[in-house]
Number of protein chains: 2
Amino acid sequence: MSVAPPRPKGPPLNAMRAFEAAARHCSFVAAGEELNVTPGAVSQHVKTLETWSGVSLFQRNAQGVELTAAGRSLLKDFSDAFDAIAVATHSLRNLSPDADVHIAALPSIAQLWLPTRLGKIRGHFPDLNFSVTALETPPSLTRDLFDLSVFFGVPDDSLNQIVLAPDEVFPVCSPKLAKQIAKGQKLDSFALLHDQTWHDDWATWSKNSGIPLEDPESGPRYSLYSLAVEEAKAGAGILLGHTCLLEEALAAGTLVPVFDKSYSSGRSLILSLPHASRRRAEINDIGKLLQL
Amino acid sequence: MSVAPPRPKGPPLNAMRAFEAAARHCSFVAAGEELNVTPGAVSQHVKTLETWSGVSLFQRNAQGVELTAAGRSLLKDFSDAFDAIAVATHSLRNLSPDADVHIAALPSIAQLWLPTRLGKIRGHFPDLNFSVTALETPPSLTRDLFDLSVFFGVPDDSLNQIVLAPDEVFPVCSPKLAKQIAKGQKLDSFALLHDQTWHDDWATWSKNSGIPLEDPESGPRYSLYSLAVEEAKAGAGILLGHTCLLEEALAAGTLVPVFDKSYSSGRSLILSLPHASRRRAEINDIGKLLQL
DNA sequence: TTTCTTGGCGTAGAAAAACTAAGGCTATTC
DNA sequence: GAATAGCCTTAGTTTTTCTACGCCAAGAAA
């Protein structure tokens, strides 16, 4: 009963954040990606929180984690809390007068679609700094601090989304290869170039077009679409082109369509705006400029 | 426009917590006390947040800080966010099946009033562990993780408060001194013993009783009331007694009242319960036992 | 079967954050 | 007009947090 034990410290906020992300994804790896740390760090955070509270939050299985009943019951409160944190964070960031405009985009979009538009936009807003972050998966615009995001996806009814263009898909290759195909050579005899992230593109194209392919999964894979584009330009094989990503190459004639017809991938190029943003006016103007 | 800059890290949560506390108190020192860190730590946290956001949050003056307009506009969002965090934290803690019952109390109460009651309560709940934290100021039961708090204060209308006893004040001393006073010796001729935290007790008592004191602020000061009690027992002077803190000494006769009459300090001994708590039933039972 | 892939755990060392202690500044007090 | 008391900052150290890397188990592919 001795007096003046140290006032108990507050809860470990970073551990709570890690738990919230892990619980939402039901995966330490995914949580680590979201938070930009290694899965080990998430693991430690979760353990910290479990120790601190004395409650077991996850059941560790060999092929993934599973929330315990206790953990499941907490997810809503934790998500609400970090939503509130995100609101506060946005309020804070929106006060900053001279911060960059942060754009998130798929790597391929950032490399092949954005630059030309951004050049134009820079002309309209010479005082603004732009920073572009390439992300494999679209960020949560409520949680993360981006002012714009450009990704492929299926538009939903939510506001703050602008459909920029449908995603049209068609085979392309270097002019030299195109001539050989025009002479009757089969598609199969060339290498099919793949992007890591869209590995089933050729299979769906084959189904849509009715043109059979012996093995739509064969051929070199590239981690970045732009690498595949360069290879295609060099004549390494045939690439499935996405309209909006090849504007430049098609205009320059370094790549040509193999056939006339293109097919929709079912997705669209979508521009998303956060619900509330600083520089509302500018961001909206930028959005309009991107639509052209 | 290079690809793959690191995904921007989330906001510094601990810095946000420090800012919230500092903004609420308009003082780095007070915030440090609440968070149990030095003012320097708070200062750094705030600076971190200012740097991170690029917004100036506080105006540093020589005799204290002042929120800037920006800072003021953020306080509500931040407080809401950390309220939500507190809710989540409570949910988490309430799941813990075998945690201690945490009691917060004024040091004097923890030392002089609680022990006898706690002994009784332990008898009723032999399976429960109790931990007592002595605090100069009552904790926020919504923010902090206490199951009970016992402090002097003015009861407000909020529920979850139980008035245990009015705080009655009267001079006490050792029996030996009491005899000398009975023989007509003036109060002033003895040392007035003070508790650090209630430094104006003697002055208000003098006003209430109409008994003049030459210098009600003079005399030794003790950082803990229980020290003053021990000194009074040893005959070092006259102490202003609080009924509930001297039960034992009065019963044992080691201290005796100098006069018959006692005066209310205007405060009461108040038991507070958090809105929602784990072990609701037990905590309520404990509350009832404390009322006896 | 064997092999490969995926996801999580543990540990050691490196990197980053947080904390304390001492110092400086400004107003107030004697 | 020095001394005092508040309050904040700075420098340096302690503590935490993160990563890298090896390990293990379970499911998928060969």
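Throughout, protein chains are lettered first and strands after them, A, B, ... in sequence-line order, and every chain is numbered starting at 1. Everything numeric here is computed off the predicted structure, so don't read it as measured data.
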> Heavy-atom distance under 4.5 Å between the side chains of V42(A) and F19(A), does that happen here?
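A side-chain contact is absent here, since even the closest heavy-atom pair is not under 4.5 Å.
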> Specify the closest pair of heavy atoms between L240(B) and V169(B), including all atoms of both residues, with the distance to one decimal.
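Between these two residues, the closest heavy atoms are CD2-CG1, 3.6 Å.
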> Looking only at heavy atoms, what is the nearest atom pair of V46(A) and A22(A), with distance?
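What the structure gives for the nearest pair is CG2-CB, 4.4 Å.
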> Less than 4.5 Å apart, any side-chain heavy atom of S108(A) and any of L224(A)?
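When only atoms from C-beta onward are counted, L224(A) and S108(A) do not touch, as no gap falls below 4.5 Å.
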> May I ask you to test the P11(B)-M16(B) pair for a side-chain heavy-atom distance under 4.5 Å?
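With C-beta onward as the side chain, the pair touches.
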> Mind checking if S43(A) touches a base, just sugar-phosphate, or nothing, with heavy atoms under 4.0 Å?
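Sugar-phosphate: the residue S43(A), judged by heavy atoms under 4.0 Å, touches backbone atoms but no base.
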> Between which nucleotides of DNA chain C, 5' to 3', does chain A make heavy-atom contacts below 4.0 Å?
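Range of nucleotides within reach of chain A: dG7(C) to dC19(C).
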> Search all heavy atoms of E136(B) against all heavy atoms of L106(B) and return the closest pair with its distance.
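The pair with the smallest heavy-atom distance is O-CD1, 3.3 Å.
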> Go through it in stages, so that I can follow the logic: the residues are H90(B) and D77(A), the test is side-chain hydrogen bond (donor to acceptor under 3.5 Å, both in side chains), and I'd like the CA-CA distance, side-chain angles, deciding distance and then a yes or no.
CA-CA 10 Å; H90(B) 275 105; D77(A) 279 347; over 6 Å; no
> Return no unless some side-chain N or O of K47(B) is found under 4.0 Å from OP1 or OP2 of dT10(D).
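Indeed, a polar side-chain atom of K47(B) lies that close.
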> For R60(B) and dT9(D), give me the distance from atom CZ to atom C1', rounded to whole Å.
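Rounded to the whole Å, the gap is 9 Å.
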> Starting at CD of E66(B) and ending at C1' of dC8(D), how long is that distance when rounded to a whole Å?
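Interatomic distance, CD of E66(B) to C1' of dC8(D): 15 Å.
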> Would you call W205(A) and I211(A) a side-chain contact if the rule is heavy atoms closer than 4.5 Å?
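W205(A) vs I211(A): side chains touch.
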> If the plane angle is over 60° it's perpendicular, under 30° parallel, otherwise tilted; pick one for H242(A) and F152(A).
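Tilted, since the angle between the ring planes falls between 30° and 60°.
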> Below 4.0 angstrom, which residues in residues 18-25 of chain B have at least one non-hydrogen atom near DNA chain D?
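Here the set is empty: none.
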> On a heavy-atom basis, which atom in S206(B) and which in P212(B) lie closest, and how many Å separate them?
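Nearest pair, atom of S206(B) first, then P212(B): OG-CA, 3.9 Å.
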> Generate the contact string for nucleotides 14-30 of chain D. Rules: B means base contact, S means sugar-phosphate contact only, - means no protein heavy atom under 4.0 Å.
----BB------SS---
